[in-house]
Amino acid sequence: MSTKEADRNSSAQQTLDILYEISQLLNTQLDKATLATCIGMIENGVNPEALAAVIQELRREGAHSTGQSTTASHAR
């Protein structure tokens, strides 16, 4: 790996670390891998607001389905 590539990788890692810290302060509940995936999607042209809306909807559906399974197990 060339010095230029190593510097670029180091810079990208530092940027991800900073964005992850901001993410934690904002209580986004995104792990570092998910955050990196979201950043990559945005860099490739995905609308950030649309991505945020999809994440929120997936969380609502996840919470809803978790609530249903919990309710079903208590009904037995």
Side-chain angles (χ1 to χ4, degrees):
M1 180 182 318
S2 72
T3 304
K4 194 174 191 179
E5 282 182 56
D7 288 345
R8 188 172 47 163
N9 287 343
S10 175
S11 178
Q13 185 61 50
Q14 287 176 345
T15 300
L16 179 59
D17 290 343
I18 291 167
L19 289 172
Y20 180 71
E21 287 179 32
I22 293 169
S23 171
Q24 293 300 297
L25 290 171
L26 295 173
N27 197 28
T28 64
Q29 300 173 346
L30 296 175
D31 61 34
K32 205 176 254 191
T34 304
L35 182 62
T37 300
C38 291
I39 292 167
M41 292 173 71
I42 292 167
E43 288 175 343
N44 285 314
V46 171
N47 180 315
E49 292 177 7
L51 181 57
V54 168
I55 291 170
Q56 289 174 338
E57 181 61 27
L58 289 171
R59 285 185 176 166
R60 275 192 293 274
E61 288 179 12
H64 181 69
S65 67
T66 302
Q68 283 182 334
S69 63
T70 302
T71 304
S73 65
H74 286 291
R76 292 181 187 170

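- The hydrophobic clustering, which links ILVMFWY residues whose side-chain heavy atoms are closer than 4.5 Å, places Leu35 and Leu25 apart.
- For the atom pair CG of Leu19 and CG of Leu30, the computed distance is 11.5 Å after rounding to the nearest 0.5 Å.
- In this structure, Gln56 CD and Thr28 OG1 are separated by 11.0 Å, a value rounded to the nearest 0.5 Å.
- Residue Ile42 holds its CD1 atom at 5.5 Å from CG of Leu51, rounded to the nearest 0.5 Å.
- With sequence neighbours excluded, no residue forms a side-chain hydrogen bond (donor to acceptor under 3.5 Å, both in side chains) with Glu21.
- When all heavy atoms of Gln29 and Arg59 are compared, the closest pair comes out as O-NH2, 3.4 Å.
- For Thr15, the side-chain hydrogen bond (donor to acceptor under 3.5 Å, both in side chains) test picks out no residue, with sequence neighbours left out.
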Apply side-chain hydrogen bond (donor to acceptor under 3.5 Å, both in side chains) to Glu5 and Asn9, showing your working. CA-CA 6 Å; Glu5 282 182 56; Asn9 287 343; 5.4 Å; no
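- More than 12 non-hydrogen atoms from other residues, nucleotides or ligands lie less than 6.0 angstrom from CD of Glu61.
- In this structure, Ser11 contributes its side chain and Asp7 its backbone to no donor-acceptor pair below 3.5 Å.
- The distance from atom CD1 of Ile55 to atom OG1 of Thr34, rounded to the nearest 0.5 Å, is 8.0 Å.
- To the nearest 0.5 angstrom, Glu57 atom CD is 10.5 Å from His64 atom NE2.
- For the atom pair Asp31 CG and Tyr20 OH, the distance stands at 7.0 Å (nearest 0.5 Å).
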